[in-house]
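Because the structure is predicted, anything quoted here is derived from the model rather than measured. The basis for the numbers below is simple: all heavy atoms, side chains too, and nothing from hydrogens, waters or symmetry mates.
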Amino acid sequence: MSNANSYERYRRQIILPEVGEEGQQKLLRAKVLVIGAGGLGCPVLQYLSAGGVGTIGIVDDDVVALNNLHRQVLYSVNDIGSSKAERAACILHQLNPEIKIIPYNERLTVRNALIFFDEFDIIIDGTDNFSTRYMINDACVLMKKPLVYGAIYQFEGQVSVFNFKRNENDETVNYRDLFPNPPEEGEILNCEEAGVLGVLPGIIGTMMANETIKLVTGIGEPLANQLLAYNSLNNQVYQLTLSARKETRSLIPENKAAFLQMDYEWLCSSEKTHPTAVGSEIDADTFNALIANGNVDVIDVREPYETPLANDFHNIKIPLTQLSENTSLIKSDTIVAFCQRGNRSLQAANILSGIFGSGKKVYSLRGGIVEWMKQKQTV
Amino acid sequence: MLSVLFMKLEVLMFGRLADIAGNSFTVKDVADTDRLINTLHKTYPALADTKYVIAVNKQVITSNTLLNEDSVVALLPPFSGG
């Protein structure tokens, strides 16, 4: 310990044989990034700051509102309208001036995620939406960072530790091994829509802080490859064992360049999930993002003699005239048809939607390969 | 064979799924998870529109799994709240 004051501050946890001075030093050297300074983020931040985690980053672009105060217990009425990240940093500094707290008053994006995550050892997901959760998961897999995950719904919570091996021979599991793809927009309600009892994120966030301290100090058994489900109404805890899925890896961008191309908001939006309702046309950018995301069958519905040839991306050649007889060639749950100018592919999309119903998502490339090639040249 | 014919197993539901079907109940005479899910979707059509993960005896499964009388099956949806 650097001084007697420090020792005194952490004395009650240093005297635990499992922690000791060595464990406290590990905490002081640890760098933890907390994403979301809301219901889950507040208790995580309070306990990690109090416990002496040496460097804590806080990412949140939101401001404090009156209806946050019943569960986001760091803030008071004087903070309403102020940046959560900045207010949290200021309040936590008063709690523990010996540690470094860095507020990032920004929304997490694919760009800043790569920069921020590089600076920290452990990432904590206390966000309130699926698009950011999938973005955080994929970035953690890509950058091999342990991820402490927590999420809540009304009176229930889930906690897990992803991307962490307890033993050298273990396989790592991530959020996509549990839920490979995001649910449709509106399918799962958030706290704003479904309501939440204020104490629930307090319990789940405190569990997340506990998991983080275990990861840093190496004590106990972190929830790696496990999902803990807690029900505050009947106090039942249900703990599941997770396994890696083979198909998961193809859903996660392979490298940083592919990650930067991802549009997570779009991935979780209802436009994508109900495309066939009105028009199923997508533009070149969306088309490129779908290909980058993988798990998509692209179908050239032109006749074999037509040019330009499409060699820039993998595609299956089934002319429109033979489409209905050859649907067995289509394996993925997402299909994009293209032709020369986008007319025949729209017909193809309608035919395929009729055959597959809601089981597959079917799109047509607007403007066809001609427009796509034009766009490619201008980029 | 008698025990198979009268097999009863426990199903636990979490989150929104519990709002649809209740926290827990027993189901009779289902040999595997595919058949169980079919039965549940027929009884509670709203389940068919919801994403969830299936666990048998606390192990998350990704393919059809045989069930017996001692099996406890849990269905958990994703949560987004924070």
Counting only heavy atoms closer than 4.5 Å, note whether A/Leu200 contacts chain B via side chain, backbone, both or neither.
neither
Side chain, backbone, both or neither: which part of A/Asp177 has a heavy atom under 4.5 Å from chain B?
neither
What part of B/Leu76 gets within 4.5 angstrom of chain A, counting heavy atoms only: side chain, backbone, both, or neither?
both
What part of A/Gln239 lies closer than 4.5 angstrom to a heavy atom of chain B: side chain, backbone, both or neither?
backbone
Hey, could you give me the CG/OG1 distance between A/Asn137 and A/Thr132, rounded to the nearest 0.5 Å?
12.5 Å
So, the part of A/Tyr175 with a heavy atom under 4.5 Å from chain B: the answer is side chain
Going by distance alone, is a donor N or O of one side chain under 3.5 Å from an acceptor N or O of the other, for A/Glu156 and A/Tyr230?
no
Taking the six-membered ring of A/Phe179 as reference, does the NZ or CZ atom of B/Lys51 fall below 6.0 Å from its centre and within a 45° cone about the axis?
no
How about A/Tyr149 and A/Phe162: are their ring centres within less than 6.0 Å of each other?
yes
Main-chain N/O of B/Val72 paired with B/Asn57 side-chain donor or acceptor, under 3.5 Å
yes
